[in-house]
Each structure stands twice: as C-alpha cells, then as structure tokens.
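Atoms within a ligand are numbered from 1 in the order they appear, just like the ligands themselves.
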Amino acid sequence: MIWAIYPGHADTYAEPMTKTLLLGQTLGFCGNPLTGDWTEAVSYDSAGGVLIDGGRIVATGNGAALQSAHPDAVVTDYGAGLITAGFVDAHMHYPQTGIIASWGKQLIDWLNTYTFPEESRFGDAAYAAEVAGRTLDLALAHGTTTLTSFCTIHPASVDAFFEAAAARNMAVVAGKTCMDRNAPDSLRDTAKSAYDDSKTLLEKWHGSGRATYAITPRFSPTSTPDQLAALGALWAENPDCLMQTHLSEQLPEIAWVQELFPDARDYLDTYEAFGLLGARGLYGHAIHLEPREIARLAELGAAVVHCPTSNTFIGSGLFDLMGLAKASVSVGLATDTGGGSSFSMLRTMAAAYEIGQLRGVALHPAQLMWLATEGSAEALKMGGQIGHLGAGAMADITVLDLQSTPAIAQRAARATDLWDALFPTIMMGDDRAIKDVWVAGAQRQA
Ligand code: GUN
Ligand code: ZN
C-alpha cells in the first residue's frame, strides 16, 4: 500500500493512497433542505458507492457502475448500511467530558458548581491529554469526525487537544477559552495574556494539518471590555481564524450581560462593539434573540449553533430553528458536551426534533441529517470540505446500521422508505448504530 504523508504532521499519521470503494445506501445533499424543498436537496442511492482516493472522496454514484469503472479499487460492502458524511459537532467543551450529566443546576450555578472546578485541572498537561484523547475517541465511536471545542484558559489544554486530533488525523476547531473576570482565580487570565497566549497558539496550530484555530472568549460576562477588545484586535489581525463564543442562552444570563454592559444595545452588541462579530464567528445557543440581533447575524453571514440536548438539560429554552433559517441565519448543530447530555449527534438530532415539536415544527429526517453534517460544516465555513458526501470533500464518513438494537430493528422492519427507516435510528440510536467510521480515507473501525 502507498501512503501519502499529510503536510505538517509527517510523524503522526499518513493517508492511504489505495483507491477504496464503499458500497451501501448513500445519503448526501446537493442543497439546503431547511430553506428549500428538501426533496430537491437530497442525493440518495439505495445501491450507492463512494470512491475514495488520497484521503478524499473522488466520486459518488451508483455502486455497480463505480465498481466496473474502477476494478482496482478495494471494496468494502456495507450491504444495507447507510453511508453518510461524518457528523460535525459545531460546539462542545472537551474539558467537560468528565462532568457530563451533572445534576440539578441551571447555567451560572452549573458553571460555578461543576464546570469551573473541573476546568481548573487542565493546567496539568497529562490530564488534558488523557481527556482530549478520550473525548475524540468517544466522538469517533458516535460517528462524529469533526469536533469544535472550547479548551480552558491553559495553553496546555489547547496543545493537548490539537495533538490528540492530529494523532487521529481529525479536522478539528479549537481555541484557548479566555476569561479575566467572574471566574475563580485559577481560571482567570488577563486581557494581555489572553491576547498573547491565543496569538502564540494560533500561530502554532491554525492551518497545521487539519487544525483550525478559533479565538475563544468564553462569553461576555467572563471577559472585561479590555479583554474583548484585545481578542477583537487579534481576530482583525488573523481574519481567517474562526471566533467562537456563547450568546443569549438563558434569561438570567442576558439580564447579567445588561448589567455588565449598560451601553450595549443587546447581547450581540457586546461582541460587535469589540470587533467580535463577523462571518467567521460562531455563536453558541442563541435562543433568546432580539430582532436586531437576528438581522445583524444574517447580514454578516455569522453562524449560530443549536445545542438542543444542552438547552433542555440546563433548562435554557426552545431555539427557533425555522425562524432563524427563514431569516437566512446560518445554523450549525452541536452536542455542547458537557452542558449537553450526550456525545451522540443522533441523540442531538432527536433533541432538535423534540424542540421543533414544542415549537410546532416537525423537522424532516433530511433536515436533521443536513444540520448534523452540511449545516455544521457551513457554519464552520468548511462547506464542501467536511460534512459532505461528494467529490472533493475529505473522506470523513460514517456508516449507520439502521437496525442496531431490537427496538429500532422492529420499527425499521415496517419502514416504507429511507426516511421511515432512518428516523427510528435518529430518535433511538446511539453509538451502537455506528457501523463504521472513516477519517480522511482511513478506516477507524469495522
Ligand atoms: N456559557 C458560558 N460558558 C458555558 C459553558 O461552558 N457551557 C454552556 N452551555 N454555556 C456556557
Ligand atoms: Zn458551550
């Protein structure tokens, strides 16, 4: 077998150069099923194929036709398995993996009680490395091939995450979480050290292999105006980086932001005033938005990230997915681990469906699958590169078993079409539904 060394990480991994053909049912997208007719946005083949070469998808189409055109390709036949793009988690916190499912608190109490004590441990590089590796392996086991993660204030936590991702050849987005107020001493930096550390880290990691750096102020209550301004300046100096933060998650949080920033027009303005609003910005949660904020996000092409298991678990509210999509706001989907209660993007789609129902909207399985793949990739400004089952995309691929448990199998057995067969797995599936995962053309499990 010939291996291509991926630039920047010659020591850590290589991509197989053998042509590979995956056979099975294939589901991809050629349009946005949230804003248009979903039937026209779907590319489905009940006997499809995905041809991989050099870590990328080079063709999709009818499986038999691809096989006869490429007799040299090594074939993996998944039978009735459903081949999709790998899931893209557009917002999570790897340092919170160990405290997922912690009982009884809403946002600010939850941060103080569970999150901050755990995040204080990530100055220990060995602990950070262990949790980073564990988190990425849990993600892969759940069919997620890209994570977008907050780290902690410790630069070692950022190195640990990017190193663990490089060792797995995963495309990830991450950054040092900056906080210089309203956090314990052990988790506070300053405006200057946040700027300096973030600059050093982004120069080290942004564009190295499959790594993307996101400048990361946690949220405006934990950053002084000076820190927000310093990070806004850093973003202006490095405009191809992403920027991630939180926005309008809970009502008491919004009231607190109003107290801390009395001159701001709204929560979004606390970012805009300091250069932290732009197309490459990712705003997690975004539940309780004012009309001005929605219009501004749409105007600039900034993305919001829906974190439905977190929103129900922490008691935050009901995200208006369809309202935002209709207003032309880019929306990604995310677990928000460990405020979110699951590592699974299947469970995350299920929670998005449930929140939709509570708002009177029944999201179609095509819309849910698009959000978990293409929608998140577009939010990260990586559309066509990841989260896409089509030529030119990296071969980050997940294969679903649509009969992974007896409960799911008995329901799927009476399905009349793909969507009826897939929806029980979306609603009831977990890591047992992940039949296989490919990362940049390399098989992770079988
Ligand atoms: N807002 C600020 N920090 C956090 C966090 O870690 N999790 C969630 N869900 N919301 C936040
Ligand atoms: Zn978050």
Side-chain angles (χ1 to χ4, degrees), residues 89-122 131 135 147-154 157 161 173-184 187-189 194 214-223 227-228 231 242-257 260 267-268 270-271 276 281-288 303-319 332-343 348 351 355 376 379-380:
D89 186 343
H91 178 123
M92 61 88 65
H93 300 252
Y94 96 82
Q96 297 171 15
T97 285
I99 56 138
I100 191 170
S102 291
W103 183 84
K105 303 289 179 192
Q106 298 224 340
L107 178 60
I108 305 303
D109 285 346
W110 176 82
L111 286 172
N112 288 316
T113 308
Y114 298 119
T115 308
F116 290 160
E118 177 65 8
E119 291 193 7
S120 296
R121 301 177 64 185
F122 281 72
V131 180
T135 304
L147 289 182
T148 310
S149 186
F150 286 61
C151 301
T152 65
I153 69 149
H154 314 96
S157 75
F161 187 73
V173 179
K176 169 193 143 79
T177 297
C178 302
M179 295 196 278
D180 67 344
R181 64 169 164 176
N182 294 319
L187 280 184
R188 276 209 308 270
D189 51 16
I215 294 165
T216 307
R218 178 174 219 117
F219 66 158
S220 39
T222 48
S223 289
Q227 183 171 83
L228 294 174
L231 295 174
L242 294 169
M243 192 291 303
Q244 61 178 346
T245 189
H246 297 87
L247 175 69
S248 295
E249 182 176 359
Q250 289 208 338
L251 297 176
E253 171 208 10
I254 296 168
W256 193 24
V257 169
L260 291 168
Y267 198 153
L268 190 66
T270 66
Y271 298 126
L276 292 169
L282 295 157
Y283 303 85
H285 302 286
I287 300 168
H288 310 281
V304 300
V305 186
H306 183 24
C307 306
T309 71
S310 170
N311 298 162
T312 52
F313 182 74
I314 304 188
S316 303
L318 304 179
F319 181 82
L333 188 69
T335 63
D336 192 33
T337 309
S341 55
S342 175
F343 292 96
T348 302
I355 287 177
S376 284
L380 300 175

field: Proximal atoms of ligand 1 relative to H93 (non-hydrogen, under 4.0 Å)
entry: 5 (C), 6 (O), 7 (N)
Atoms in ligand 1 with a heavy atom of F219 nearer than 4.0 Å: 1 (N), 2 (C)
message: Can you confirm if the aromatic rings of Y94 and F122 lie within a centre distance of less than 6.0 Å?
response: yes
What protein heavy atom is closest to [atom], reported as residue, atom name and distance in Å?
atom: atom 3 (N) of ligand 1; value: R218 NE, 2.8 Å
atom: atom 7 (N) of ligand 1; value: W110 CZ3, 3.4 Å
atom: atom 10 (N) of ligand 1; value: E249 OE1, 2.7 Å

message: Polar contacts were defined as any N/O atom of the residue lying under 3.5 Å from an N/O atom of the ligand; does this apply to T115 and ligand 1?
response: no
- request: Indicate yes or no: does an N/O atom of D336 lie under 3.5 Å from an N/O atom of ligand 1?
  value: yes
query: Of I254, V257, L268, which is the lone residue that meets side-chain contact (heavy atoms from CB on, under 4.5 Å) with S248?
result: I254
Atom nearest to the Zn ion (ligand 2) - H91, N, O or S atoms considered: NE2
query: D336: which N/O/S atom is nearest the Zn ion (ligand 2)?
result: OD1
task: May I have the angle between H246 NE2 and H93 NE2 with its vertex at the Zn ion (ligand 2), rounded to 10°?
output: 100°
task: Can you label the angle between the H246 ring and the F219 ring as parallel, tilted or perpendicular, going by 30° and 60°?
output: perpendicular
- prompt: Using 30° and 60° as the class limits, which term best fits the ring planes of H306 and F319: parallel, tilted or perpendicular?
  reply: parallel
- line: Heavy atoms of S341 and T309 approach each other most closely as N-OG1, 3.1 Å
- prompt: What's the shortest heavy-atom distance between S220 and L228, and which atoms?
  reply: CB-CD1, 4.2 Å
message: Can you confirm whether C307 sits close enough to M92 that some side-chain heavy atom of one is under 4.5 Å from a side-chain heavy atom of the other?
response: no
field: From M92, Q250, H285, H246 - option closest to atom 1 (N) of ligand 1 by heavy atom
entry: H246
message: Can you tell me if F150 contacts ligand 1 (heavy atom of the residue under 4.0 Å from the ligand)?
response: no
- prompt: Does ligand 1 have an atom that lies less than 4.0 angstrom from a heavy atom of E253?
  reply: no
- prompt: Hey, does the side chain of R218 reach the backbone of T177 with a donor-acceptor pair shorter than 3.5 angstrom?
  reply: no
field: Q106 side chain to Q250 backbone, donor-acceptor under 3.5 Å
entry: no
message: Below 4.0 Å, non-hydrogen atoms only: which portion of T222 touches ligand 1? Side chain, backbone, both or neither.
response: neither
